[in-house]
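Notes follow once the structure below has been shown.
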Amino acid sequence: MLKDSFGRTFPYIRLSITDVCNFKCGYCLPNGYQKDNSDNRKFLSAEEIGRLAKGLSELGVCKIRLTGGEPTVRKDFFDIIKILKNKTGIKKTVITTNGYRLDKIADQIAESGLDGINISIDSLNRETFKKVTSHDRLPEILKGIERLQKLNFKNIKINAVLLKGINDSEKDFNEWSSFIKSNEIDFRYIELMQTGDGLDYFRKYHVPAKIFINYLNNNDWVVQTLGRNAGPSKNYIHSSFKGKFGVIAPYSKDFCKSCNRLRITARGDLRLCLFGSTGISIRHLLQKDDQLEELKDLISKQLNFKKESHYLELGDTGLTKNLSTTGG
Ligand code: SAM
Ligand code: SF4
């Protein structure tokens, strides 16, 4: 099992498969995706991803989350899932998506054997959704979710970034509450994180996750106790609700203590932290099947450089200009 010098283990990898995205979320790509002309390396191929996943699985990684950019824009998206599921030893393959064509691909997703899906929906209000993402896609996304449920697809989660004056009112919280009352779906608010490009947005819209935690406490939601390696979401349960609530509060004390994930960018750089300042390329070791041992050795050794905390509270955003390059 991959382990760092602070005793944290890493059974979970977030792998970005593209930087490209069709949405323009204000906190991520407010001007839409712009090609980085200083870096003409292509995104990892399905074959390279397969070799990477095999190496990771031999290092004890059991779960890979495909993210981006928007992972479903890749033409070979379902081929990649197939490779991960059948040829690598990885036990769980999940994705994070903006869901822009979920209504169209729900059946394929269910058939692919994907083990879970996180869908980003910042508001259940169509106008607000459009304001944040610049796309009027909420009805299609909700239709896609309904279809997945009809197909009995399990492990659907919805994430929203908590934004001051946009989706942080009691009314917003009540809307989500009604949504998960009868839906077996987990909904989580993520506290807005400052990124290299997003300082002004952060200053304007950041609100501490405490505001939502207070709502949960006042409405009889109970914290679910999970193990040390359960990841960064603090989950809440309620006996009258089918779904759960969750909060990801990256500025909270001890947030990094439960870190259980590493990140790999779409061009094959290993990132030890979402906000780290180091990122070595491992791509040269993904070219042939017989490089597996060297690949495993390099990744294991890199873990010694993982820092104890992200130091975000000091305004240190590391290499991360926006989260589309590291997959959020
Ligand atoms: N395009 C996909 C999506 O939006 O779900 C996957 C990539 S996106 C970068 C992954 C997650 O990061 C999304 O849930 C998004 O809301 C979140 N995210 C992006 N920028 C963020 C920021 N500055 N602070 C907090 N979360 C952010
Ligand atoms: Fe695209 Fe996701 Fe970033 Fe929104 S958060 S711009 S959907 S990559």
Side-chain angles (χ1 to χ4, degrees), residues 14-34 36 43 64-74 77 94-102 105 109 116-123 128-138 140-141 144-145 156-164 166-168 186-209 212 231-233 246-252 255 261 263-266 271 274-275 310 312 315 317-328:
R14 292 180 79 110
L15 170 63
S16 173
I17 56 172
T18 179
D19 291 352
V20 177
C21 185
N22 53 340
F23 276 24
K24 294 181 185 171
C25 301
Y27 44 74
C28 183
L29 294 174
N31 303 314
Y33 168 70
Q34 317 278 330
D36 178 0
F43 300 132
I64 290 189
R65 174 172 303 282
L66 297 181
T67 173
E70 174 46 39
T72 64
V73 301
R74 264 187 77 146
F77 173 68
V94 295
I95 64 164
T96 298
T97 174
N98 64 25
Y100 82 103
R101 59 188 190 118
L102 197 56
I105 61 171
I109 284 186
I117 184 166
N118 284 11
I119 305 156
S120 303
I121 304 179
D122 290 321
S123 174
T128 309
F129 180 91
K130 192 171 147 199
K131 187 173 160 197
V132 177
T133 63
S134 285
H135 280 262
D136 186 17
R137 287 285 183 135
L138 182 63
E140 288 90 343
I141 298 169
I145 293 178
I156 304 175
K157 295 194 176 101
I158 296 178
N159 294 331
V161 180
L162 186 63
L163 301 168
K164 186 163 42 182
I166 295 188
N167 62 5
D168 65 338
D186 296 353
F187 171 83
R188 287 130 25 133
Y189 267 119
I190 310 171
E191 190 173 320
L192 178 65
M193 291 177 255
Q194 184 189 327
T195 56
D197 287 346
L199 181 58
D200 290 345
Y201 195 91
F202 179 81
R203 286 192 177 134
K204 196 163 171 196
Y205 294 112
H206 175 258
V207 52
F212 183 55
S233 175
V247 183
I248 301 180
Y251 293 93
S252 63
F255 179 75
R261 57 200 60 194
R263 295 180 152 81
I264 294 167
T265 68
R271 293 278 176 87
L274 185 50
F275 292 99
H310 52 36
L312 253 189
T317 56
L319 289 175
T320 303
K321 288 203 275 177
N322 58 65
L323 297 199
S324 78
T325 49
T326 33

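Indexing begins at 1, ligand by ligand and atom by atom, following the structure's order. Just so you know, residue 1 is the first one in the sequence shown, and it goes up from there. Computed from heavy atoms alone, side chains included, the values below leave out hydrogens, waters and symmetry copies.
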Would you list the atom pairs, donor with acceptor, under 3.5 Å between side chains in residues 23-32 and any protein atom, with sequence neighbours excluded?
| residue | atom | partner | partner atom | Å |
| --- | --- | --- | --- | --- |
| Tyr27 | OH | Asp122 | OD2 | 2.5 |

Which is closest to atom 15 (C) of ligand 1 by heavy-atom distance: Tyr189, Tyr201, Phe202, Tyr27?
-> Tyr27

Just checking, is any N or O donor in the side chain of Arg65 or Thr96 under 3.5 Å from an acceptor N or O on the other one?
-> yes

Do any N/O atoms on Met193 end up under 3.5 angstrom from N/O atoms on ligand 1?
-> yes

At distances under 2.8 Å, what protein N, O or S atoms surround atom 4 (Fe) of ligand 2?
-> Cys25 SG

Pair Glu70, Thr18: side-chain N/O donor-acceptor within cut-off below 3.5 Å = no

Out of curiosity, Leu162 CG to Asp168 CG, how far, rounded to the nearest 0.5 Å?
-> 5.5 Å

With a 4.0 Å heavy-atom cut-off (strictly under), which part of Val161 contacts ligand 1: side chain, backbone, both or neither?
-> side chain

Contacts of Asp36 meeting salt bridge (Lys or Arg N to Asp or Glu O under 4.0 Å) (sequence neighbours excluded), chain-then-number -> none

Partner set under salt bridge (Lys or Arg N to Asp or Glu O under 4.0 Å) for Arg101, not counting sequence neighbours | none

Going by distance only, is there an N or O of Thr195 that falls short of 3.5 Å from an N or O of ligand 1?
-> no

Mind checking whether Gly68 has a heavy atom under 4.0 Å from ligand 2?
-> no

Using a strict cut-off of 4.0 Å, indicate which atoms of ligand 1 neighbour a heavy atom of Thr67.
-> 6 (C), 7 (C)

Report yes if Asp122 has an N/O atom closer than 3.5 Å to an N/O atom of ligand 1; otherwise report no.
-> no

Is Cys28 close to ligand 1, meaning an N/O of one under 3.5 Å from an N/O of the other?
-> no

